[in-house]
**Q** 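Dropping the structure in here first, questions after.
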2 protein chains.
Amino acid sequence: MSKQAGPLALVDLSAETPCCPPLTQRRVPAETAAVLAPAFKALGDPVRLRLLSMIASAEGGEACVCDLTPAFDLTGPTISHHLKTLREAGLVDAERRGTWVYYRARPAILRQLAALLTVQPTPAA
Amino acid sequence: MSKQAGPLALVDLSAETPCCPPLTQRRVPAETAAVLAPAFKALGDPVRLRLLSMIASAEGGEACVCDLTPAFDLTGPTISHHLKTLREAGLVDAERRGTWVYYRARPAILRQLAALLTVQPTPAA
DNA sequence: AGTCTGTATTGACGTCCGTCGAATCAGAGA
DNA sequence: TCTCTGATTCGACGGACGTCAATACAGACT
C-alpha cells in the first residue's frame, strides 16, 4: 500500500537534506529533471493540489479518504486514482487502519521541490 | 510575444508579495488550485524543467533560444513548443532582439510556488 | 528584391491523462 | 458465513500532450 517504485528509486527523495541547489543557480541536470519532473507533474492538477493540501494541512498531519472524497464533485474511483498518482510521485504515503485508509504528506520531497524553486530576493542594487 | 491570457488573468501572479500561505498550513481553495496547477503542470516535464533552469540560471538572467535548443536531442519546433508552454504558464517572458529571441524567468511566480510548497522545519518535539 | 538564418506555427501521429461505471477487494459486525 | 461499507482496480471513452516534418514568419545582409 505504501510502496512506490519508478524513477524515485534513482534518487533518495526521502533524505532530509535537499539534494539540489535552486533552479535559478545551477542548471538542473537531465537526470535530476527526470526524477523531479514527475513530482511537479503530480502537482499539476487542481484536484491533486487540493488533495495534497487537505492531507498536509489536516490536524494530525493525516486525512482519511472518507473525508477527502466528499469535498469534490468527483466519483470515488477518480479520487482514488488521483491519490494513487500522488503516492507514485512520492508526495504522500497511505496506511490502512481498519476500515479506513489514511494519507499523510511526505515533507522531505516538498522541501526539496520548494528548495528547487527558491529565488534570491531581488538585490537592492 | 510576451502576452499571456488564460487562467493567469484571474490572479495577479506578478505581484511580489506571495498571495498564499503554504499548502501545509491552510487548504488551498479550489480557485487558487485552478490558477496555480497549470504552473506546476508546466514544470512537470523534464525538458521544460531544464529549459527554465537554463534560462533562470543564465548570466544576465536571460537565454537565447539558439543557446537552448542545442542542449537537447529535440527538434527546434519541439523546443519552441515547450517554451510557449512555459510562457503561457507565466513562468517566463520572451523578447525578440534582432534576429534572436531571449527568454527570461519571472521570479515572482517562482517565489509563489516555492512559498506554497514550504514546510515547517520538523519540530524537535 | 532575394536570400539566408533563427524562430514560430501548423497539421499529424501515437501516447498518456482525467473521468466514469462496473466489478473487486478488505475489514467490521451481525 | 453473509452482508454492509469504504476503498481500489479494471475497462472504456474523449481530450490533451510530446514529438516531428513541413511550412510560414521575422530580421539581417547582400
Side-chain angles (χ1 to χ4, degrees), chain A residues 1-7 30 33-34 37-52 54-55 62-89 91-104, chain B residues 1-7 30 33-34 37-52 54-55 62-89 91-104:
Chain A
M1 178 62 78
S2 68
K3 70 181 56 133
Q4 76 250 344
F40 284 120
K41 189 176 190 177
L43 295 176
D45 181 279
V47 173
R48 287 194 293 266
L49 202 51
R50 290 175 61 198
L51 279 171
L52 177 62
M54 292 174 71
I55 293 166
E62 63 181 14
C64 171
V65 176
C66 60
D67 293 327
L68 265 17
T69 305
F72 299 86
D73 276 338
L74 294 170
T75 64
T78 297
I79 297 298
S80 194
H81 162 71
H82 283 304
L83 289 171
K84 182 179 187 179
T85 301
L86 288 173
R87 237 186 302 133
E88 289 177 344
L91 291 165
V92 300
D93 253 337
E95 182 193 357
R96 170 157 229 139
R97 288 207 298 277
T99 305
W100 296 279
V101 177
Y102 294 88
Y103 280 77
R104 181 174 286 273
Chain B
M1 177 61 78
S2 68
K3 71 183 53 134
Q4 77 251 342
F40 284 119
K41 190 175 190 176
L43 295 175
D45 181 277
V47 174
R48 288 193 295 265
L49 201 51
R50 290 175 62 199
L51 280 171
L52 178 60
M54 292 173 71
I55 294 166
E62 63 181 14
C64 170
V65 177
C66 58
D67 293 327
L68 266 17
T69 306
F72 300 86
D73 275 338
L74 293 171
T75 65
T78 298
I79 297 298
S80 194
H81 161 70
H82 283 305
L83 289 171
K84 182 179 187 179
T85 300
L86 288 173
R87 238 185 301 132
E88 290 176 345
L91 291 164
V92 300
D93 253 337
E95 181 192 358
R96 171 158 228 139
R97 287 207 299 276
T99 304
W100 295 281
V101 177
Y102 293 89
Y103 281 76
R104 182 174 285 275

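Naming: A, B, ... by sequence-line order, numbering from 1 per chain. Treat the numbers as computed from the prediction; the structure is a model and nothing was measured. Any value given below was found using the heavy atoms of this structure, including those in side chains, with hydrogens, waters and symmetry copies removed.
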**Q** Nearest whole Å is fine: how far is C:dT7 C1' from B:Tyr103 OH?
**A** 8 Å
**Q** Measure the distance from CG on A:Leu51 to C1' on D:dA7 and round it to the nearest whole Å.
**A** 14 Å
**Q** Closest approach to the side chain of B:Val65, judged atom by atom: which nucleotide of D:dG18, C:dT7, D:dT9 is it?
**A** C:dT7
**Q** Over how many whole Å does the gap from A:Leu83 atom CG to C:dC17 atom C1' extend?
**A** 16 Å
**Q** Drop me the distance from A:Leu86's CG to A:Leu49's CG, to the nearest 0.5 angstrom.
**A** 9.0 Å
**Q** Evaluate the side-chain proximity of A:Arg50 to A:Phe72: yes if any heavy-atom separation is below 4.5 Å, no if none is.
**A** yes
**Q** Taking side chain as C-beta onward, heavy atoms only, is B:Met54 less than 4.5 Å from B:Tyr103?
**A** no
**Q** Taking only residues two or more places apart in sequence, or in another chain, which ones meet B:Thr75 in a side-chain contact (heavy atoms from CB on, under 4.5 Å)?
**A** B:Pro77, B:Thr78
**Q** So if I take every side-chain heavy atom of A:Asp45 and compare against C:dA8, D:dT8, C:dG18, which nucleotide ends up nearest?
**A** C:dG18
**Q** Looking at residues at least two apart in the chain, or sitting in another chain, which of them share a side-chain contact (heavy atoms from CB on, under 4.5 Å) with B:Ala63?
**A** B:Ile55, B:Ala58, B:Leu68
**Q** For nucleotides 13-16 of chain D, give me every protein contact, N/O to N/O, under 3.5 Å, one pair per line with atom names.
**A**
none

**Q** Residues of residues 68-79 of chain B with any non-hydrogen atom less than 4.0 angstrom from an atom of DNA chain C: list those, numerically ordered, please.
**A** B:Pro77
**Q** Applying salt bridge (Lys or Arg N to Asp or Glu O under 4.0 Å) as the test, list every pair that has at least one member in residues 62-81 of chain B; sequence neighbours left out.
**A** B:Glu62-B:Arg97, B:Glu62-B:Arg104
**Q** Give every residue pair that meets the salt bridge (Lys or Arg N to Asp or Glu O under 4.0 Å) criterion with at least one member in residues 40-49 of chain A, sequence neighbours excluded.
**A** none
**Q** Got a sec, which residues hit side-chain contact (heavy atoms from CB on, under 4.5 Å) with A:Thr69, two or more places apart in sequence or on another chain?
**A** A:Val65, A:Ile79
**Q** Looking at CG of B:Leu52 and CG of B:Leu83, how far apart are the two atoms once the value is rounded to the nearest 0.5 Å?
**A** 10.0 Å
**Q** Could you state the atom-to-atom distance from CD1 of B:Ile55 to P of C:dT7 in whole Å?
**A** 12 Å
**Q** Whole Å only: how far is the NZ atom of B:Lys84 from the P atom of D:dG18?
**A** 13 Å
**Q** Hey, is the side chain of A:His82 poking within less than 4.0 Å of OP1 or OP2 on C:dC17, counting only N and O atoms?
**A** no
**Q** Can you build the contact string for nucleotides 24-30 of chain D? Use B for base contact, S for sugar-phosphate-only contact, and - for no protein heavy atom under 4.0 Å.
**A** --SSS--
**Q** If you measure from CG on B:Leu43 to CG on A:Leu43, what distance do you get to the nearest 0.5 Å?
**A** 9.0 Å
**Q** What integer distance in Å separates A:His81:NE2 from D:dG11:P?
**A** 16 Å
**Q** Starting at atom CH2 of B:Trp100, determine the distance to atom C1' of C:dA8, rounded to an integer number of angstrom.
**A** 17 Å
**Q** Between A:Tyr102 and A:Cys64, what is the shortest heavy-atom contact and its length?
**A** CE2-CB, 3.7 Å
